[in-house]
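Comments concern the structure below.
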Amino acid sequence: MMYRCVSRLLTFLLPIVLIGLCGCSVAWKLKKADEAFKGENFIEAEERYGKLSDKYPGDLAMRYWTAVSEFKQKKYVEAMKNCQKNLDATPDHLLTMALKAEIFLEAGQVAEGQMVLESILVKHPEDVKSYLRLAQIYQKKEQADRAAAIMEDADAHGVNDPNIYAKLFQLYEQDIKDERLAYYYLKRYSETATTRVGLSDIIYDLKKREKENDALKQFYVDRKYITNARRRMTVKDYQGADALLQKVTIRDATWHRMSGLIQLLLGYPFLAQKELDTALRMSPKNAETNYLLGRAYWRLGDNDLAVQYWRQALALDPYHQRARQALEQGFPPEEMEAAPKEQQLE
């Protein structure tokens with residue numbers, strides 16, 4: 001009787017013990033792989049992560065770290081293959097998408113890397129690192145306006161990150177030299193970086209700027225309306241965005257460009273064209289305004305003018321993907337989605 005009880009107990013416990021031992025073995029192997037990676041022994045790390053990835057092909061993390069180890073050795077082809085396996089299984093895997101972008105960039109394929117970063121921001125509009133990386137690329141190309149526009153997209157999506165505002169301040173202060181926007185983003189930084197060192201110096205700087213230019217306070221209020229309007233647009237509340245935009249006092253090129261886009265989205269291409277014309281007169285070298293003006297003319301049925309403005313957008317920003325797509329396919333990429341019914345005004 002005692003023998004049978006012990007035998008049954010062992011039969012019950014044996015699988016549990018084996019599973020525990022197996023788990024310990026995997027944990028030990030993973031620990032050794034991590035240690036090799038941290039010690040910058042990427043050849044050993046690749047081998048160890050690779051064996052774990054082969055044993056557990058459904059584990060995205062194992063394959064990702066295998067790819068990172070290959071990337072660190074400049075084995076770009078092998079790293080890209082592992083990235084693609086991950087993305088075939090899970091197309092929106094953020095870490096793998098970011099690694100794929102870096103592989104392209106390190107291999108000198110900048111346009112491809114930028115496209116991957118832009119696709120990340122479509123699928124993961126909360127990812128601060130991708131905004132910063134993409135802006136950095138444009139800044140190196142001396143396209144500060146485009147870099148700033150990318151960072152402002154982060155703000156429009158509600159990414160209240162001090163790193164975003166610090167970068168925008170730097171762009172407007174040093175590269176674009178726009179006093180008002182430099183002030184605005186420095187103030188946004190002071191509001192979000194509550195634990196940062198040197199905050200008292202920043203607040204002193206803000207007060208000094210306000211004393212020297214008392215219009216900055218009103219500009220800050222107006223810009224908040226514009227930011228909140230952009231956030232409404234991201235959730236397709238175009239009427240709400242338009243209502244916020246109408247509260248703005250100082251109406252610059254940014255205001256007219258946004259107003260034009262809202263009118264376009266509401267189905268009023270004639271009004272959109274008027275607003276965008278004004279924006280272009282105020283800021284003729286803005287690629288996005290040229291692109292949107294082309295989109296308005298396309299909606300109005302003037303394809304020749306539309307193509308002219310898309311070409312100009314691409315000339316100002318060779319990496320403006322929507323302008324390139326519009327020229328290639330003959331219509332704006334946004335028009336593939338259901339558009340509101342045309343509401344022409346006399």
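All values below come from the heavy atoms of this structure, side chains included, with hydrogens, waters and symmetry mates left out.
- Comment: Arg209 engages Asp205 in a salt bridge, judged by a side-chain N to carboxylate O separation of less than 4.0 angstrom.
- Considering every non-hydrogen atom in both Ser190 and Leu206, the closest pair reads OG-CD1, 3.6 Å.
- Relative ring orientation between His157 and Tyr131 is described as tilted, the plane-to-plane angle lying within the 30° to 60° band.
- With respect to the salt-bridge test (charged N to carboxylate O, under 4.0 angstrom), the residues Arg188 and Glu191 qualify.
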- request: Give the intermediate values and the outcome of ring pair (Phe, Tyr, Trp, His ring centres under 6.0 Å) for residues Phe219 and Tyr183.
  value: CA-CA 9 Å; Phe219 179 79; Tyr183 162 82; 7.8 Å; no
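- Taking 4.0 Å as the cut-off between side-chain N and carboxylate O, Arg180 and Asp252 count as a salt-bridged pair.
- Salt-bridge formation is detected for the pair Asp153/Arg230: a Lys NZ or Arg NE/NH1/NH2 atom is positioned less than 4.0 Å from an Asp or Glu carboxylate oxygen.
- Considering Lys29, Lys32, Glu35, Lys31 in turn, Lys32 is the only one that fulfils the side-chain contact (heavy atoms from CB on, under 4.5 Å) rule with Arg48.
- In this structure, Ile43 places its CD1 atom where only 12 or fewer heavy-atom neighbours from other residues, nucleotides or ligands lie under 6.0 Å away.
- At most 12 heavy atoms of other shown residues, nucleotides or ligands fall within 6.0 angstrom of atom CD in Gln239.
- We find that Glu275 and Arg251 are not joined by a salt bridge, their nearest charged nitrogen and carboxylate oxygen being 4.0 Å or further apart.
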- prompt: Could you go step by step and tell me if His256 and Arg281 meet the side chain to side chain contact (heavy atoms under 4.5 Å, CB included) rule?
  reply: CA-CA 10 Å; His256 287 286; Arg281 285 197 300 273; over 6 Å; no
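- Residues passing the salt bridge (charged side-chain N to carboxylate O under 4.0 Å, His left out) test with Asp302, sequence neighbours excluded: none.
- A pairwise comparison of heavy atoms in Leu134 and Glu118 identifies CD2-CG, 3.7 Å as the closest pair.
- Considering all non-hydrogen atoms of both residues, Tyr291 and Ala313 come closest at N-CB, 3.8 Å.
- Ion pair Glu334/Arg322 flagged as a salt bridge, since at least one NZ, NE, NH1 or NH2 atom sits closer than 4.0 Å to an Asp/Glu carboxylate oxygen.
- Taking the six-membered ring where the residue is Trp, the centroids of Tyr189 and Phe169 are separated by 6.0 Å or more.
- Salt-bridge formation is detected for the pair Glu102/Arg133: a Lys NZ or Arg NE/NH1/NH2 atom is positioned less than 4.0 Å from an Asp or Glu carboxylate oxygen.
- With hydrogens and angles ignored, the 3.5 Å screen pairs no side-chain donor or acceptor of Arg257 with any backbone N or O of Leu292.
- Residues Leu245 and Tyr225 share a single hydrophobic cluster, defined by chaining ILVMFWY side chains whose heavy atoms lie under 4.5 Å apart.
- Between Lys81 and Glu70 there is no salt bridge, since no side-chain nitrogen of the basic residue lies less than 4.0 Å from a carboxylate oxygen of the acidic one.
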